[in-house]
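Below is one structure, written out as structure tokens; comments come after it.
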Protein chains: 2
Amino acid sequence: MPRDSSEKRMEILKFFWQYTQEHRRPPTMREIGEHLGLSSPSHVKYHIDRLCAQRLMKREPGVARGLRITAKAMELLGESLPTEEEMLSLPFLGYIVASAPVPVEALSGSETIEISRSLFGRNVDNLFALRVQGNSMIDALINDGDIVVFRPQQRVENGELAAVWITETGETTLKRFYDEGTRVRLQPANVTMQPLYYPREAVEVQGKVVLVIRQLA
Amino acid sequence: MPRDSSEKRMEILKFFWQYTQEHRRPPTMREIGEHLGLSSPSHVKYHIDRLCAQRLMKREPGVARGLRITAKAMELLGESLPTEEEMLSLPFLGYIVASAPVPVEALSGSETIEISRSLFGRNVDNLFALRVQGNSMIDALINDGDIVVFRPQQRVENGELAAVWITETGETTLKRFYDEGTRVRLQPANVTMQPLYYPREAVEVQGKVVLVIRQLA
DNA sequence: CTTGACATAGAAAATATGTTCTATATAATT
DNA sequence: AATTATATAGAACATATTTTCTATGTCAAG
């Protein structure tokens, strides 16, 4: 009885995707058939051929498990295929503190943090991540323990959140940055804390905050 | 001439990885042998078997292209394997508002958001994500536009951030949840806003906040 | 020097898997 | 009513792939 077989084909795509995720290899036609309850491999091939005609799948003739799913099919499935290109592996450089910032030496750890590319804009070069220690940025909605991702840059607009390197102490701190002409003001985002003032050449902006991640439970 | 065959094995791992990336399926032993210049499949199997013994690869006997590379091998290769298992594809269900919460119907979108598994604890079943609209949770450091990830659960501790379904309006809202015996209090985290009170059976906790993500630039 | 572990090759056998062919049934079309 | 496209099954076949077996050459250790 020819039921709605477009649904059946969709089921094939879905199964193909699942199976590939789980086994790290494409399924055979028989495996697909088994899942769908189709008892002959030729029957599966029949549907596969149609899926290929619709450009929802692609095959390399003659190779075992030589099936692929196309981007078109992925859209149809509503999956955003998390390929390697979609993922960024950011260096996770340790802690950044407001009061007693990390020495730059610490900025060489080998840990990384994986974050989906889609959470960022165009330029994702050299992004790096730090974990915030202390609650000096609480008014900027950044809490103790939050992970902050920075885009490296030497200049930021006044008032932006930035990682700032203080030459004389060799430490880096997270503050709101204000260039006031004769000096710069590093402003904690916490009403109970006082700003720091430095000559402009005594500090160096290392990057600006582009993402904040907070783990709760 | 028995050269340094540990290097040869490394080459196998490397080729396996490359091939898998490129073709979206594991290579056969013959394909590996061809690449390495080994002329017999048994020779390849010989090395593969040793790689398996070292737990650098894994196989399912009898299945064509039934090879895998282990995490241990990935480390060896210096690749940070952003595999599917390391990634979670959470359903991104739309917006959640405090004042005028989304109707449940909206909770069926097909968008997803990719987040690294490592940002979560043990249980990552059925996590889902919403984007916050409005600033009613500002005191909880959750801002307009933030992405919030929930773990589905029916009970939360008093004071925890929860997605709560209000039966009569058919809407879901993000609040601090307090069970006060005769009633429940849904408390916005914004001093300028008043709490909502409901009979306990009029609301249903849908999940608790486990992650907050804020994109800045 | 002998022994044994390792690296290699080739062929043959055993399976796994894709492909082709024949046949049947239903639904839509002519 | 006849025709055609679609959906399905089963068997047989061809080929891809893994697995087993036998052999040979090198090297290190006894």
Side-chain angles (χ1 to χ4, degrees), chain A residues 1-20 22-70 76, chain B residues 1-20 22-70 73:
Chain A
M1 65 215 82
R3 277 180 303 167
D4 188 346
S5 73
S6 127
E7 234 182 70
K8 190 158 295 190
R9 304 233 176 86
M10 206 50 71
E11 184 61 30
I12 290 182
L13 292 177
K14 216 163 137 191
F15 173 72
F16 181 91
W17 176 249
Q18 279 178 203
Y19 184 102
T20 306
E22 188 178 339
H23 295 86
R24 312 301 226 95
R25 66 170 175 264
T28 66
M29 297 200 173
R30 279 175 181 83
E31 283 168 333
I32 295 172
E34 214 168 298
H35 175 77
L36 276 276
L38 315 181
S39 62
S40 77
S42 65
H43 186 187
V44 179
K45 181 170 154 51
Y46 168 76
H47 285 300
I48 297 281
D49 285 344
R50 257 146 206 75
L51 283 166
C52 289
Q54 296 176 265
R55 298 179 179 264
L56 293 171
M57 299 193 95
K58 220 184 141 186
R59 70 209 332 246
E60 298 197 41
V63 350
R65 300 173 188 271
L67 272 174
R68 284 206 212 189
I69 198 171
T70 67
L76 237 172
Chain B
M1 62 212 81
R3 278 180 301 165
D4 188 344
S5 73
S6 127
E7 232 181 72
K8 190 160 296 192
R9 304 234 176 85
M10 207 51 70
E11 184 61 30
I12 290 182
L13 293 177
K14 217 163 135 191
F15 173 71
F16 181 91
W17 177 249
Q18 280 176 201
Y19 184 101
T20 307
E22 188 180 338
H23 295 86
R24 311 301 224 96
R25 68 172 175 262
T28 66
M29 294 195 177
R30 278 177 181 82
E31 284 168 333
I32 294 173
E34 215 167 297
H35 175 78
L36 275 276
L38 314 181
S39 62
S40 77
S42 65
H43 187 188
V44 179
K45 181 169 155 53
Y46 168 75
H47 285 300
I48 297 283
D49 285 345
R50 258 147 207 76
L51 283 166
C52 288
Q54 295 176 266
R55 298 178 180 265
L56 293 171
M57 300 194 94
K58 223 183 140 190
R59 68 199 338 239
E60 298 197 42
V63 352
R65 300 173 188 271
L67 272 174
R68 284 207 210 189
I69 200 171
T70 67

Measure the distance from [atom1] on [X] to [atom2] on [N] and round it to the nearest whole Å.
X       : N      : atom1 : atom2 : result
A:Glu60 : C:dG18 : CD    : P     : 13 Å
B:Leu36 : C:dT8  : CG    : P     : 9 Å
B:Arg25 : C:dA16 : CZ    : P     : 20 Å
B:Met29 : C:dA9  : CE    : P     : 16 Å
B:Ile32 : D:dA16 : CD1   : C1'   : 15 Å
B:His23 : D:dA16 : NE2   : C1'   : 16 Å
B:Ile12 : C:dT8  : CD1   : C1'   : 13 Å
B:Asp49 : D:dC21 : CG    : P     : 13 Å

For nucleotides 10-13 of chain D, give me every protein contact, N/O to N/O, under 3.5 Å, one pair per line with atom names.
unit_1 : atom_1 : unit_2  : atom_2 : d
D:dG10 : OP2    : A:Ser39 : OG     : 2.8
D:dG10 : O6     : A:Ser42 : OG     : 2.5

B:Gly62 vs B:Leu38, nearer the 5' end of DNA chain C by closest nucleotide =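 Taking each residue's closest nucleotide, the earlier one in sequence belongs to B:Leu38.
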
Start at the 5' end of DNA chain C and walk down; is the nucleotide closest to B:Ala64 or to B:Tyr46 reached first?
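Counting from the 5' end, the first nearest nucleotide belongs to B:Tyr46.
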
For [X] versus [Y], what's the shortest heavy-atom pair and its separation?
X       : Y       : answer
B:Leu56 : B:Leu13 : O-CD2, 4.1 Å
A:Arg59 : A:Ile48 : NH2-CG2, 4.0 Å
A:Thr70 : A:Arg55 : OG1-O, 2.8 Å

Does a side-chain N or O of [X] approach OP1 or OP2 of [N] to a distance below 4.0 Å, or not?
X       : N      : value
A:Lys8  : D:dT6  : no
B:His47 : C:dT8  : yes
B:Arg59 : D:dT19 : yes

*Evaluate whether atom CD of A:Gln54 has more than 12 neighbouring non-hydrogen atoms of other residues, nucleotides or ligands under 6.0 angstrom away.*
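Atom CD in A:Gln54 is crowded, with more than 12 foreign heavy atoms closer than 6.0 Å.
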
Verify, without hydrogens or angle tests, whether A:Arg65 (side chain) and A:Pro26 (backbone) share a donor-acceptor contact under 3.5 angstrom.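 Here the side-chain-to-backbone pair exists.
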
Q.
Both B:Lys45 and A:Arg65 contact DNA chain D. Taking the nearest nucleotide for each, which residue is further toward the 5' end?
A.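 Result: A:Arg65.
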
With A:Arg25 via salt bridge (charged side-chain N to carboxylate O under 4.0 Å, His left out) - residues at least two apart: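 Checked A:Arg25 against salt bridge (charged side-chain N to carboxylate O under 4.0 Å, His left out); matches are B:Glu60.
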
Residues in side chain to side chain contact (heavy atoms under 4.5 Å, CB included) with A:Pro27, at least two apart?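 Only A:Phe15, A:Phe16, A:Tyr19, A:Thr20, A:Glu31, A:Ile32 meet the side chain to side chain contact (heavy atoms under 4.5 Å, CB included) criterion with A:Pro27.
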
